[in-house]
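Beneath this line is the structure, given in structure tokens, with notes to follow.
Values below: all heavy atoms of this structure, side chains included; hydrogens, waters and symmetry mates excluded.
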Amino acid sequence: MTETYAGIAWTDEGYRVEVLDGAGRRVVEPSRWSGAQCRELIAWLRDFDGGRAPAVVLESTNGLLDGPMTAAGLEVYRADPWLLPPRPGFGSVPAGLLAERARTAPGELARVTAEGGTLTGRAEEYFAGVKRGEPIVAELTASGRCFERGRRDDPRVALTFDDGPDPVFTRQVLDILDRYGARATFFCVGHHVAALPDLVRRTAAAGHELGNHSWSHPYLPDLTPEQLREQLDRTAETVAKVTGEEAPTRFRPPYGALSPEVLAALEGYPTRLTMWDVDTRDWARPGPGRIAATVLESAGPGSVVLMHEGAGDRSQTVAALPSIVEGLLERGLELVTVAELEDDAQRSKG
């Protein structure tokens with residue numbers, strides 16, 4: 001690890017950054033950045049001190065920066081909850097505390113890699129939690145409270161995009177969908193909705209569906225039930241305020257992290273869980289050809305396809321999208337929103 005440490009905290013207003021040297025002294029004054037300034041923040045860190053970028057330290061409730069930062073070549077670490085004091089009801093622990101933790105106990109932090117993603121080093125825990133939650137998810141799906149895919153005789157597919165809006169890639173995705181007259185569902189993070197309201201309004205005006213993807217893209221098992229519901233409430237309220245329409249009730253959990261504890265926290269909460277049956281794993285940037293092939297080989301009538309247009313370099317997803325859309329249309333599959341797909345599935349049951 002380098003001898004300079006940049007702690008990055010998230011708040012309801014954006015990001016706060018503090019940089020400490022090896023002796024614990026502030027190198028520069030703390031700075032604030034909005035959710036629309038991720039690229040500028042990364043450039044600032046890369047150019048820091050003549051190109052001697054500090055090690056970046058995040059915590060597990062801040063899942064929007066590690067992807068673009070690792071892609072940019074920055075050294076990124078995660079401080080897990082057991083290494084930190086309790087966080088506030090909304091927001092992460094202070095940026096200075098994160099930087100200090102890296103300075104005093106660097107060996108206890110997890111190095112985040114592009115291949116492992118945000119949960120590098122916690123994959124076993126994640127999969128175990130999802131496995132334990134599967135019986136509950138199956139019950140919710142059977143009762144209509146969780147939706148994974150539509151009917152296999154419904155000649156329609158729902159393309160979905162997570163982690164936006166993004167000032168560059170969301171616009172490109174919208175342009176492509178508009179070119180083909182296709183509709184999709186965008187699961188938005190509140191942090192970016194607040195920073196890019198015009199882009200959210202454009203998405204809604206184009207006939208696309210908006211869903212809730214939390215505020216800061218946290219690893220949900222690390223939140224208290226109150227913190228989890230606060231993430232959903234603030235995002236829903238912000239989307240409604242921006243669009244002037246009803247708040248979205250459809251929720252997609254970040255990473256699909258539905259452990260029994262997370263599901264218990266959501267019990268009775270007015271939201272509809274939405275998952276997927278085709279995962280492109282485009283966040284790993286396997287190449288446009290591989291992303292397109294995954295969809296065209298795996299998607300069929302009633303499929304819900306998971307892709308991303310935010311929180312990272314999504315140029316490969318954008319490059320793959322025309323081939324995906326054209327390939328599905330050539331097979332006679334209409335591209336619709338998740339709501340349309342689910343409505344038809346529910347009518348068939350009735």
Side-chain angles (χ1 to χ4, degrees), residues 1-114 117-121 167 189-192 194-196 215-219 222-223 227 230-231 234 311-312:
M1 185 180 288
T2 64
E3 292 298 320
T4 311
Y5 315 93
I8 303 182
W10 68 269
T11 71
D12 58 344
E13 297 179 343
Y15 300 108
R16 182 177 173 87
V17 182
E18 288 204 37
V19 184
L20 304 180
D21 64 14
R25 297 177 299 238
R26 280 181 176 170
V27 179
V28 294
E29 286 300 307
S31 57
R32 296 181 182 274
W33 306 76
S34 78
Q37 294 178 301
C38 293
R39 286 173 179 78
E40 293 83 353
L41 171 55
I42 291 171
W44 181 76
L45 290 167
R46 290 184 65 181
D47 295 338
F48 194 86
D49 192 23
R52 292 183 286 273
V56 175
V57 190
L58 311 169
E59 52 135 281
S60 63
T61 65
N62 187 351
L64 298 171
L65 293 177
D66 60 279
M69 287 184 169
T70 53
L74 292 171
E75 190 178 345
V76 181
Y77 293 84
R78 186 189 66 244
D80 289 310
W82 52 86
L83 303 174
L84 303 167
R87 68 179 66 87
F90 193 71
S92 64
V93 300
L97 193 152
L98 289 168
E100 179 64 15
R101 190 65 185 175
R103 186 186 73 84
T104 57
E108 297 182 0
L109 305 185
R111 175 74 183 268
V112 176
T113 67
T118 305
L119 299 180
T120 300
V189 287
H191 205 287
H192 290 174
L196 296 160
W215 184 272
S216 67
H217 205 279
Y219 180 47
D222 285 350
L223 299 179
Q227 289 169 342
E230 183 75 2
Q231 288 251 347
R234 293 221 189 191

Using side-chain heavy atoms (C-beta onward) and a distance below 4.5 Å, is Leu65 in contact with Ile42? no
List the steps and the verdict of side chain to side chain contact (heavy atoms under 4.5 Å, CB included) for Gln37 and Tyr15. CA-CA 9 Å; Gln37 294 178 301; Tyr15 300 108; over 6 Å; no
Nearest 0.5 Å please: distance from the CG atom of Leu45 over to the CZ atom of Phe48. 8.0 Å
Any heavy-atom pair between the side chains of Arg26 and Leu20 that's under 4.5 Å? yes
Counting only N and O atoms by type, is there a donor-acceptor contact under 3.5 Å from the side chain of Arg46 to the main-chain atoms of Leu74? no
Which heavy atom of Tyr5 sits nearest to which heavy atom of Pro54, and what is that distance? N-CB, 4.1 Å
Rounded to the nearest 0.5 Å, what's the gap from CZ on Arg111 to CZ on Arg78? Could you check? 13.0 Å
Atom CD in Gln231, atom CZ in Phe90: separation rounded to 0.5 Å? 5.5 Å
Taking every non-hydrogen atom, the tightest pair across Ala6 and Val19: CB-CG2, 4.0 Å
Should Val57 and Leu109 be marked as a side chain to side chain contact (heavy atoms under 4.5 Å, CB included) after you check the CA-CA gap, both sets of side-chain angles, and the distance that decides it? CA-CA 9 Å; Val57 190; Leu109 305 185; 4.0 Å; yes
Asp80 side chain to Trp82 backbone, donor-acceptor under 3.5 Å: no
Does any non-hydrogen side-chain atom of Cys38 lie less than 4.5 Å from one of His192? yes
Where Val93 and Ala9 come nearest, the two heavy atoms and their spacing: O-CB, 3.3 Å
Can Tyr219 and Thr118 be said to form a side chain to side chain contact (heavy atoms under 4.5 Å, CB included), step by step? CA-CA 9 Å; Tyr219 180 47; Thr118 305; over 6 Å; no
Indicate yes or no: at least one non-hydrogen side-chain atom of Met69 is less than 4.5 angstrom from one of Ile8. yes
Leu223 versus Arg87: any side-chain heavy-atom pair under 4.5 Å? yes
Once you round to the nearest 0.5 Å, how far does CH2 of Trp10 lie from CG of Leu64? 9.5 Å
Between Ser34 (side chain only) and Ala195 (backbone N and O only), is there a donor and an acceptor less than 3.5 Å apart? no
Between CD of Glu59 and CG of Leu83, what distance do you get to the nearest 0.5 Å? 11.0 Å
Cut-off 3.5 Å, side chains only: do Glu13 and Thr11 have a donor facing an acceptor? no
With rounding to the nearest 0.5 angstrom, report the CG to NE2 distance, Asp66 to His217. 9.0 Å
Give a yes-or-no answer on whether the side chains of Asp222 and Ser60 include a donor-acceptor pair shorter than 3.5 Å. yes
Minimum-distance pair of heavy atoms, taken over all atoms of Thr61 and Ser216: O-OG, 2.6 Å
Could you walk me through whether Asp12 and Arg234 pass the salt bridge (charged side-chain N to carboxylate O under 4.0 Å, His left out) check? CA-CA 9 Å; Asp12 58 344; Arg234 293 221 189 191; 3.8 Å; yes
For residues Gln227 and Pro218, determine if any side-chain heavy atom of one lies less than 4.5 Å from a side-chain heavy atom of the other. no
Here the pair of heavy atoms bringing Ala95 nearest to Gly7 is CB-O, 3.3 Å
